[in-house]
2 protein chains.
Amino acid sequence: MKERSIPKETIDRLPLYLRCLEKIIDEGDVNISSGNFSEKLNLNSAQVRKDLSYFGDFGTRGVGYKTETLAKQIRSILHLDKKWDMALAGAGNIGSALLTYNGFDEGDFEVKVAFDKDPDLVGKEINGVKIEAADSMEKVIRDENIKLGIITVPADAAQEVADQMVEAGVEGVLNFAPTLLNLPKEIQLAQVDITKELEQLVYYL
Amino acid sequence: MKERSIPKETIDRLPLYLRCLEKIIDEGDVNISSGNFSEKLNLNSAQVRKDLSYFGDFGTRGVGYKTETLAKQIRSILHLDKKWDMALAGAGNIGSALLTYNGFDEGDFEVKVAFDKDPDLVGKEINGVKIEAADSMEKVIRDENIKLGIITVPADAAQEVADQMVEAGVEGVLNFAPTLLNLPKEIQLAQVDITKELEQLVYYL
DNA sequence: CAGTGTGAAGATGTTCACAGCG
DNA sequence: CGCTGTGAACATCTTCACACTG
């Protein structure tokens with residue numbers, strides 16, 4: 001059943017390794033050791049080695065990892081060797097902030113089209129992304145063959161929107177609405193829950 | 001050292017229990033069982049019971065948990081029985097989206113003041129929150145006795161802003177910048193990392 | 001007798017410690 | 001000699017299973 005029993009946590013850390021590597025590469029370093037990584041990311045160096053070794057023997061004993069090569073490997077593992085088109089539902093506060101957010105412009109992810117049910121928003125453009133009518137969503141997603149959906153609608157609409165996205169062929173959903181979505185298990189779900197983060201945070205204060 | 005060795009994961013789930021409870025209360029139910037919770041939240045019922053039992057014996061055998069009472073208990077455990085004022089640094093895309101976001105208006109959290117170093121933004125108001133000059137941040141946070149900071153500045157400025165916040169007396173930081181912040185260990189940190197979420201998500205596709 | 005609370009077993013993740021290679 | 005890769009020990013979290021009680 002499992003791909004190869006790679007801990008979820010390892011996958012969690014890969015993006016951090018990648019980000020760290022990209023910085024290091026910018027600084028011109030050719031090699032990086034697990035100890036080096038572990039300092040920058042506040043984790044155990046054995047963890048770094050184990051994480052990386054799940055995917056192959058990338059390192060050279062006595063030396064470390066070649067930064068360029070490792071970055072390429074991690075990008076490939078994470079499926080970042082292609083550009084991902086996304087559809088965004090809900091062009092309200094957070095939705096339009098994401099449309100304006102240029103962190104995506106680095107190339108891996110791009111919001112191709114946005115949807116809203118507010119007629120005043122439909123037809124407008126934000127940061128070059130057209131806002132279309134909510135009821136055209138399924139068709140557009142299908143026609144454009146979009147596989148990633150972002151949900152930034154109010155909580156009470158989130159499940160319905162998610163269902164429509166899945167129906168239209170979306171395989172992964174990033175949900176900002178504070179609701180637990182019920183999706184077919186083959187659909188991947190990531191949740192960003194700001195209130196939850198705050199509530200956890202203050203527990204520890 | 002540990003408070004009482006309550007799993008982080010348990011704390012992670014408390015906000016979900018709470019949200020679920022509030023829905024149930026709205027629907028008029030007086031009791032809820034662990035099995036009931038487990039269906040709604042997709043987790044094991046023993047987990048629910050164990051999580052709740054870390055904090056006391058809240059349930060009644062044969063019946064379940066009293067919704068109102070349990071909600072109150074959880075709010076108290078999470079320290080949500082007071083209002084938390086927050087300071088927000090960086091009134092750009094995400095920052096202003098958070099200012100406009102009315103999920104906070106439920107009462108537990110409120111952005112009291114925002115800061116930006118762009119002179120064009122300073123002096124403006126977004127959703128009733130004044131934007132002040134970045135260099136007044138330390139003083140204002142200290143004067144207003146604010147204990148929670150939100151960082152929505154670009155990644156390369158995040159560490160500096162975080163340091164200033166800590167210097168000014170902030171005890172918890174919610175960071176939206178895609179950087180690993182280095183903070184004194186007594187300062188609580190929560191991270192919202194949208195790109196990381198997406199990168200993880202597509203790994204599984 | 002339905003549903004809690006909880007030891008004990010099981011599963012998952014992390015760290016240690018060291019053999020082995022460049 | 002330095003650093004990787006990895007079995008084994010350890011730590012943490014989840015699930016099972018059942019005694020117990022309102």
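Lettering follows sequence order; numbering is per chain, from 1.
The side-chain heavy atoms of A:I32 and A:F37, taken from C-beta on, include a pair separated by under 4.5 Å. By the 4.5 Å heavy-atom criterion applied to side chains, B:S96 and B:I126 are counted as neighbours. Residues B:L121 and B:F115 are not in side-chain contact: their nearest non-hydrogen atoms beyond the backbone lie 4.5 Å or more apart. A 4.5 Å side-chain heavy-atom check between B:W84 and A:L201 finds every atom pair outside the cut-off. With contacts defined as side-chain heavy-atom distances shorter than 4.5 Å, the pair A:Y54/A:P7 qualifies.
Toward the 5′ end of DNA chain C lies the nearest nucleotide of A:Q47, the other residue of the pair A:Q47 and A:V63 mapping further downstream. Between A:N44 and A:P7, it is A:P7 whose nearest contact on DNA chain C lies nearer the 5' terminus.
In this entry the distance linking NZ of A:K8 with C1' of C:dT14 reads 14 Å, nearest Å. Atom pair A:I6:CD1 and D:dT6:P shows a separation of 13 Å (rounding to whole Å applied). Regarding B:E9, its CD atom lies at a distance of 11 Å from the C1' atom of C:dT12, rounded to whole Å. For A:F55 and D:dT6, the CZ to C1' distance is 16 Å, given to the nearest whole Å. Taking atom CG of residue A:D51 and atom C1' of nucleotide D:dT6, one finds them 13 Å apart after rounding to whole Å. Rounded to a whole Å, the CD1 atom of B:I11 is 10 Å from the P atom of D:dC13. The nearest whole Å value for the distance from the CZ atom in B:R13 to the C1' atom in D:dT15 is 12 Å. Between A:F58 atom CZ and D:dT6 atom C1' the separation is 16 Å, expressed in whole Å.
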Nucleotide N/O of nucleotides 6-8 of chain C paired with protein N/O under 3.5 Å:
from  : atom 1 : to    : atom 2 : distance (Å)
C:dG7 : O6     : B:K50 : NZ     : 3.2
C:dA8 : N6     : B:K50 : NZ     : 3.3

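The salt bridge (Lys or Arg N to Asp or Glu O under 4.0 Å) contacts involving residues 50-73 of chain A comprise A:R13-A:D51, where partners must be two or more places apart or lie in separate chains. Evaluation of the salt bridge (Lys or Arg N to Asp or Glu O under 4.0 Å) test over residues 196-205 of chain A, restricted to residues two or more places apart or in two chains, returns A:K196-B:D12.
For C:dA2, the OP1/OP2 oxygens have no side-chain nitrogen or oxygen of B:Y65 closer than 4.0 Å.
Contacts between residues 18-43 of chain A and DNA chain C, counted as heavy-atom distances below 4.0 Å, involve no residue at all.
Looking only at distances, no side-chain donor or acceptor of A:D29 sits under 3.5 Å from a matching main-chain atom of A:I24.
Rounded to 10 degrees, the angle separating the terminal axes of the helix from C:dC1-D:dG22 to C:dG22-D:dC1 is 10°, with each axis obtained from five end pairs.
The minimum heavy-atom distance linking A:H79 with B:V202 is given by the pair ND1-O, 2.8 Å. In terms of heavy atoms, A:Y17 sits closest to A:V48 at OH-CA, 3.5 Å.
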When the side chains of residues 159-176 of chain B are checked against the rest of the protein, which donor-acceptor pairs come out under 3.5 Å, sequence neighbours left out?
from   : atom 1 : to     : atom 2 : distance (Å)
B:Q159 : OE1    : B:N182 : N      : 2.9
B:Q159 : NE2    : B:D163 : OD1    : 2.9
B:Q159 : NE2    : B:N182 : O      : 3.0
B:N175 : OD1    : B:A177 : N      : 2.9
B:N175 : ND2    : B:A177 : O      : 3.1
B:N175 : ND2    : B:T179 : O      : 3.3
B:N175 : ND2    : B:Q191 : OE1    : 3.1

